[in-house]
Amino acid sequence: MIKAVRGTRDLLPPDTALWNFVEAAVRDVFRAYNFQEIRTPIFEETALFSRSVGEETDIVSKEMYTWEDRGRAASDGQSLTLRPEATAGIVRAYIEHKLWDRGLNKLYLIGPMFRRERPQKGRYRQFYQIDAEIIGPVSSGSDSPARDAEVLEMLATLLNRLGITDWNLELNSVGCANDRAKFNEALRQALEPVVGKMCADCQRRAVTNPLRVFDCKVPEDQPIIEKLPRISQFLDESCRTHFEAVQNILKSVGVEFRINDRLVRGLDYYTRTAFEFTHGALGAQNAILGGGRYDGLSESLGGPAAPGIGFAIGEDRLVMSLKETAEGVLRKPDVYVAPLGPGMNGEAARLARELRQHDLVVELGDENFRLKKSFEAATKAGAKYILIVGENEVKAGAFALKNLASGEQVSVVRAELVGRIQGK
Ligand code: HAM
């Protein structure tokens with residue numbers, strides 16, 4: 001038997017209704033903030049990710065699905081990769097299509113991402129992100145702390161609107177390239193005497209990219225990491241002012257946050273503001289979304305200066321934290337239309353069509369079903385009513401309508417069916 005590949009999964013009804021509910025709500029909120037949809041390919045040249053996410057990150061060093069496409073000219077680069085995240089592709093598209101001509105771009109993308117991580121609850125090898133980015137030339141104000149705060153306030157609004165209220169916003173500033181160079185040097189020095197006691201990954205990171213030590217999840221290493229210097233001590237004046245401005249706007253719109261100066265995020269392109277929203281109910285994989293600013297990313301991909309800020313929500317995790325409260329989202333059939341006896345399928349289809357035009361959810365049976373089987377099917381479908389369409393009913397112009405929960409049955413003339421089923 002062939003099964004879905006480990007770490008991938010099918011999304012089945014009724015859960016898909018939750019996914020659609022989330023996406024509809026998200027698109028609605030995005031519209032209010034003037035974000036517009038972008039779609040990019042699900043695979044790109046491998047170099048795009050190593051140059052943006054970073055060679056030394058877990059994502060690029062061990063989690064990418066990469067293959068050689070010999071159908072491409074060697075000069076074009078034959079190494080291709082399933083996108084592990086969306087930001088790199090969006091910034092590539094920004095550069096390729098000269099989107100700076102449009103001033104400030106507010107873009108969002110919903111789609112699957114791929115990382116070869118060890119699968120567990122809330123962690124998959126194919127997962128879905130709801131990603132949003134604000135990017136543009138400096139003249140468009142893309143580097144303003146007002147944009148950081150706008151994105152964070154939008155996220156708070158979105159989560160609250162979905163009924164997820166027990167979230168925590170963890171906020172940090174990871175400074176600019178200069179600050180990070182100084183911080184990396186300080187980290188290297190601080191690590192030197194202790195790194196021998198740390199895990200193999202940390203020993204490698206200490207040499208290649210010390211900042212990544214903060215990604216370490218090995219419990220024994222945590223007391224050592226606790227004592228390391230923090231990026232907050234290395235921020236220059238402009239980064240500190242920027243970070244304070246973000247916090248002040250958040251306070252004035254009443255969005256609560258907690259400063260977490262250990263938060264460095266698992267991707268190399270971040271500058272200044274970095275953040276995560278966590279949710280208690282999710283367990284170990286408690287980051288429901290993450291994001292931050294990436295003021296130098298466009299240049300590192302060969303584009304012009306284009307400061308930006310964005311985030312990606314893990315849609316799988318968002319749906320998971322929604323499940324408890326989402327009963328109302330799932331709409332069951334209002335009525336099961338049961339044709340009874342030969343020649344009744346056409347009459348029943350006509351009636352079903354009328355009812356559906358009035359925004360009722362209608363399940364339609366088959367004239368070959370005996371009445372008992374129709375009742376069973378209606379009950380299984382979770383329908384509220386069953387409507388019997390037999391020869392006598394059609395002749396009389398009135399139909400037997402039975403409430404499956406209460407057992408109450410009435411005869412209803414055609415013109416009154418919609419109102420009756422809608423409960424008016
Ligand atoms: P990230 O923190 O790597 O950031 O991923 C964002 C979110 O995607 C995570 O918080 C998590 O909810 C979800 N996620 C990540 N990996 C998995 C997985 N294996 N299974 C299920 N969910 C997962 C980024 O990807 C950045 N591109 C975000 C960003 C956009 N920063 C600026 N703009």
Side-chain angles (χ1 to χ4, degrees), residues 5-9 11 19 22 35 38 40 44 48-49 52-54 57-60 62-65 82-94 105-135 142 147-148 151-152 154-155 159 164 167-170 172 174 212 214-215 217 263-279 281-298 306-322:
V5 173
R6 186 170 130 83
T8 73
R9 61 198 183 127
L11 303 175
W19 286 72
V22 162
F35 277 81
I38 180 172
T40 66
E44 300 264 6
L48 175 66
F49 303 112
S52 55
V53 175
T57 57
D58 282 355
I59 297 176
V60 171
K62 50 190 183 203
E63 296 171 357
M64 296 208 300
Y65 288 95
L82 288 180
R83 62 180 180 199
E85 61 104 49
T87 313
I90 294 175
V91 175
R92 183 209 33 78
Y94 173 88
N105 290 265
K106 293 168 117 178
L107 304 168
Y108 77 89
L109 181 153
I110 303 177
M113 309 293 152
F114 306 85
R115 297 183 192 175
R116 193 185 287 101
E117 294 192 82
R118 199 170 51 77
Q120 64 178 83
K121 183 170 179 259
R123 191 160 76 191
Y124 309 97
R125 290 179 168 176
Q126 174 175 336
F127 60 98
Y128 292 79
Q129 282 189 345
I130 298 166
D131 184 285
E133 312 290 350
I134 301 184
I135 181 170
S142 55
R147 301 287 71 78
D148 306 45
V151 157
L152 291 165
M154 176 172 82
L155 282 165
L159 293 177
I164 301 173
W167 47 262
N168 292 302
L169 164 54
E170 312 231 337
N172 195 19
V174 296
R212 295 271 73 90
F214 287 98
D215 299 339
K217 308 254 160 47
L263 183 78
V264 294
R265 309 269 303 123
L267 304 89
D268 279 354
Y269 51 61
Y270 288 113
T271 54
R272 297 190 163 176
T273 311
F275 58 86
E276 276 177 10
F277 280 67
T278 58
H279 186 251
L282 287 175
Q285 304 303 319
N286 69 351
I288 200 166
L289 69 93
R293 190 164 265 294
Y294 45 84
D295 291 347
L297 178 53
S298 173
I309 179 161
F311 62 82
I313 304 174
E315 195 176 357
D316 304 74
R317 296 184 193 173
L318 187 62
V319 169
M320 218 152 91
S321 46
L322 207 72

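No experiment lies behind these values; they were computed from the predicted model shown. Atoms within each ligand, like the ligands themselves, are counted from 1 in listed order.
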Exercise for the section: For the pair Arg83 (side chain) and Thr40 (backbone), establish whether a donor and an acceptor sit closer than 3.5 Å, ignoring hydrogens and angles. Expected result: yes

Practice task
Measure the shortest side-chain to side-chain distance between Leu159 and Ile313 over non-hydrogen atoms and say whether it is less than 4.5 angstrom.
Solution key: no

Exercise for the section: Say whether, by atom type as modelled, one donor and one acceptor occur between the side chain of Arg317 and the main chain of Ala287 under 3.5 angstrom. Expected result: yes

Problem - For Gln126, side-chain contact (heavy atoms from CB on, under 4.5 Å) partners two or more places apart - result: Thr8, Pro112, Phe114, Tyr128

Fill in the blank from the handout: The protein residues that pass the under-4.0 Å heavy-atom test against ligand 1 are Glu85, Thr87, Arg115, Glu117, Gly122, Arg123, Tyr124, Phe127, Gln129, Asp131, Glu133, Arg265, Leu267, Tyr269, Tyr270, Ala287, Ile288, Leu289, Gly290, Gly291, Gly292, Tyr294, Gly310, Phe311, Ala312, Gly314, Arg317

Exercise for the section: Not counting sequence neighbours, which residues clear side-chain hydrogen bond (donor to acceptor under 3.5 Å, both in side chains) with Arg212? List them please. Expected result: Asp215, Asp268

Handout entry: Residues in salt bridge (charged side-chain N to carboxylate O under 4.0 Å, His left out) contact with Arg9, at least two apart in sequence or another chain
Key = Asp316

